[in-house]
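Everything quoted here is computed from the prediction, not taken from an experiment.
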Amino acid sequence: MCDKCKDGVHLKIGKDHKILNINDIGKQEDTIIFSEVKCDDHSNQACCLYCNTCNKFICPKCITTKVHNGHELIEEEDYNKGKVELKPKQKSEIKLEISKVYTTDLTNIHFIAVCSDGSMWMGDNVRSKLQHVKLRENRTEVITSLNTQIYGMAKTHSNNILVTTDETKLKLINTMTGEITDSRYDVKPLYPISVHVTSDHRVIIGANHVEELLPITRQGVVIVMDQEGKQLKEYEHVNHKKQLFRCVSEIGSPDTTFLDSKDFALSKSGTIYIGCVSVSDSPDITKANLYELNFSGF
């Protein structure tokens with residue numbers, strides 16, 4: 001922590017707080033019980049290991065994401081006995097490598113959501129196509145194909161898919177049956193565009209005041225809801241005056257150098273999938289590719 005936090009917070013309101021220099025962690029006489037340490041990245045999880053590479057405690061969920069692959073992980077007994085020399089946090093080089101390329105039946109891949117069984121839902125907003133697919137050797141096999149216009153997609157923790165359409169209420173796709181029903185998330189009188197589900201089950205929705213979704217002059221609003229559809233927060237203006245957002249068409253979508261990247265998704269195993277469409281001078285612009293990437297160094 002910085003001096004401001006130490007003097008203004010921990011020493012003022014936390015008289016029982018014990019402050020240690022980061023270089024002295026592991027050298028103190030007090031034993032740290034890992035199960036009593038809450039994970040920084042997964043607040044509902046207790047820690048089980050210490051990552052000496054990242055200089056932080058991690059939980060079982062951190063391990064399953066493969067973020068700490070190849071890192072030096074220390075168990076509780078060795079940590080408290082000081083058997084391992086604790087290292088200061090170092091910056092690691094982030095590496096991304098394309099491992100597989102799949103040809104799809106879509107012209108564009110604007111949205112991707114990966115299911116726990118390895119299958120995924122992909123949406124083509126231009127052609128109003130929504131597909132549930134399985135990954136084969138170098139192509140996608142279509143399980144279900146629906147003709148429906150969507151503007152945003154996100155996977156819920158129950159493994160179903162939330163989508164935004166031209167209605168005020170978000171739709172819910174049952175990934176087992178393919179049935180589309182109304183969800184409990186309604187932003188009326190606004191119109192939802194983008195949607196994202198957080199690790200603590202909150203649903204973040206980007207919405208507009210007007211039904212016309214394309215004009216760039218629209219006003220944007222970000223709404224946070226709980227798992228039951230109750231609105232928790234709304235972000236639109238700063239101090240009720242200055243507008244925060246002009247457009248909330250996407251929540252977290254990257255670009256690549258040579259590809260027209262439309263959306264990306266992270267699977268349960270930690271694999272990154274990026275949906276693309278061939279550039280205009282490509283000999284084949286009718287089939288969008290899905291790229292599978294391995295990563296390290298995060």
*Asks:* Quick one: does any side-chain atom of T156 pair with a main-chain N or O of I161 as donor and acceptor, under 3.5 Å?
*Replies:* no
*Asks:* How long is the span from the CD1 atom in I58 to the SG atom in C47, to the nearest 0.5 Å?
*Replies:* 8.0 Å
*Asks:* Atom CE in M153, atom CD1 in I173: separation rounded to 0.5 Å?
*Replies:* 6.0 Å
*Asks:* The test is side chain to side chain contact (heavy atoms under 4.5 Å, CB included); show your working for T181 and K171 and say whether it passes.
*Replies:* CA-CA 6 Å; T181 58; K171 299 293 184 180; over 6 Å; no
*Asks:* Please check if the distance between the ring centroids of F57 and F34 is under 6.0 Å.
*Replies:* yes
*Asks:* For a quick check under 3.5 Å, do K129 and N147 share a side-chain donor-acceptor pair by atom type?
*Replies:* yes
*Asks:* Please examine the side chains of I32 and V37, heavy atoms only from C-beta on, and report whether any two atoms are closer than 4.5 Å.
*Replies:* yes
*Asks:* Have a look at C62 and tell me which of C51, C39, C48 forms a side-chain contact (heavy atoms from CB on, under 4.5 Å) with it.
*Replies:* C39
*Asks:* Does a side-chain heavy-atom distance below 4.5 Å link N289 with T103?
*Replies:* yes
*Asks:* Do T107 and R127 meet the criterion of a side-chain donor-acceptor pair at a distance under 3.5 Å?
*Replies:* yes
*Asks:* Check for a donor-acceptor pair, side chain of D226 on one end and backbone N or O of E228 on the other, with a separation under 3.5 Å.
*Replies:* yes
*Asks:* State, with a plain yes or no, whether a side-chain heavy atom of Y191 is found less than 4.5 Å away from one of T168.
*Replies:* yes
*Asks:* Given side chains that start at C-beta, do those of Y235 and V224 come closer than 4.5 Å, heavy atoms only?
*Replies:* yes
*Asks:* Before giving the answer on side chain to side chain contact (heavy atoms under 4.5 Å, CB included), spell out for V222 and K233 the whole-Å C-alpha distance, their side-chain angles and the decisive distance to 0.1 Å.
*Replies:* CA-CA 8 Å; V222 171; K233 292 182 180 180; over 6 Å; no
*Asks:* I'd like to check L162 versus S183 (side-chain heavy atoms, cut-off strictly below 4.5 Å). Are they in contact?
*Replies:* yes
*Asks:* Any side-chain heavy-atom pair from I109 and D124 closer than 4.5 angstrom?
*Replies:* no
*Asks:* Determine yes or no for a side-chain-to-main-chain donor-acceptor pair under 3.5 angstrom, with Y185 supplying the side chain and Q227 the backbone.
*Replies:* yes
*Asks:* Taking it one step at a time, do L73 and H68 satisfy side chain to side chain contact (heavy atoms under 4.5 Å, CB included)?
*Replies:* CA-CA 8 Å; L73 305 181; H68 300 276; 4.3 Å; yes
*Asks:* Between Y102 and Y273, is the ring centroid distance below 6.0 Å?
*Replies:* no
*Asks:* Identify the heavy atoms of W121 and L130 that sit nearest to each other, and give their distance.
*Replies:* CE3-CG, 3.9 Å
*Asks:* Tell me, yes or no, whether the heavy-atom count around Q231 atom CD, taken from other residues, nucleotides or ligands under 6.0 Å, exceeds 12.
*Replies:* yes
*Asks:* Check this for me, if you would: do D41 and K56 make a salt bridge, where the nitrogen-to-carboxylate-oxygen distance has to be below 4.0 angstrom?
*Replies:* yes
*Asks:* Taking the side chain from N80 and the backbone from E76, do they hold a donor-acceptor pair closer than 3.5 Å?
*Replies:* yes
*Asks:* Just by modelled atom types, is the A113 backbone N or O under 3.5 Å from a matching donor or acceptor in the K155 side chain?
*Replies:* no
*Asks:* Please say yes or no: joined through hydrophobic side-chain contacts below 4.5 Å, possibly via intermediate residues, are I272 and I63 part of one cluster?
*Replies:* no
*Asks:* Taking all non-hydrogen atoms of both residues, which atom of V133 and which atom of V142 are closest, and how far apart?
*Replies:* CG1-CA, 4.1 Å
*Asks:* Assess whether a salt bridge exists between R136 and E141, defined as any Lys/Arg side-chain N lying under 4.0 Å from an Asp/Glu carboxylate O.
*Replies:* yes
*Asks:* How about L135 and L290: do any of their side-chain heavy atoms sit closer than 4.5 Å?
*Replies:* yes
*Asks:* Quick check on the hydrophobic clustering: are I204 and L232 connected, directly or via other members, by side-chain heavy-atom contacts under 4.5 Å?
*Replies:* yes
*Asks:* What heavy-atom pair brings A154 and V195 nearest, and what distance separates the two atoms?
*Replies:* CB-O, 3.7 Å
*Asks:* To the closest 0.5 Å, what do you measure between CG (L106) and CD (Q131)?
*Replies:* 4.0 Å
*Asks:* With no hydrogens and no angle check, do the side chains of S119 and H132 hold a donor and an acceptor under 3.5 Å apart?
*Replies:* yes
*Asks:* Donor-acceptor pair, distance only, cut-off 3.5 Å: does the side chain of S99 make one with the backbone of E292?
*Replies:* yes
*Asks:* With rounding to the nearest 0.5 Å, note down the distance linking CG in L146 to OG1 in T148.
*Replies:* 7.0 Å
*Asks:* May I have the step-by-step check of side chain to side chain contact (heavy atoms under 4.5 Å, CB included) for I274 and L293, ending in yes or no?
*Replies:* CA-CA 8 Å; I274 299 180; L293 285 77; 4.0 Å; yes
*Asks:* So, taking the atom named CD1 in I74 and the one named CG in L49, what distance separates them when rounded to the nearest 0.5 Å?
*Replies:* 9.5 Å
*Asks:* I'd like to check V101 versus N138 (side-chain heavy atoms, cut-off strictly below 4.5 Å). Are they in contact?
*Replies:* no
*Asks:* Drop me the distance from H42's NE2 to K61's NZ, to the nearest 0.5 angstrom.
*Replies:* 6.0 Å
*Asks:* How far apart are the closest heavy atoms of H157 and T198, and which atoms are they?
*Replies:* NE2-O, 2.7 Å
*Asks:* When L170 is tested against each of D186, D182, T164 for side-chain contact (heavy atoms from CB on, under 4.5 Å), which residue passes?
*Replies:* T164
*Asks:* So which heavy atom on T104 is nearest to which on K287, and how close?
*Replies:* O-CD, 3.2 Å
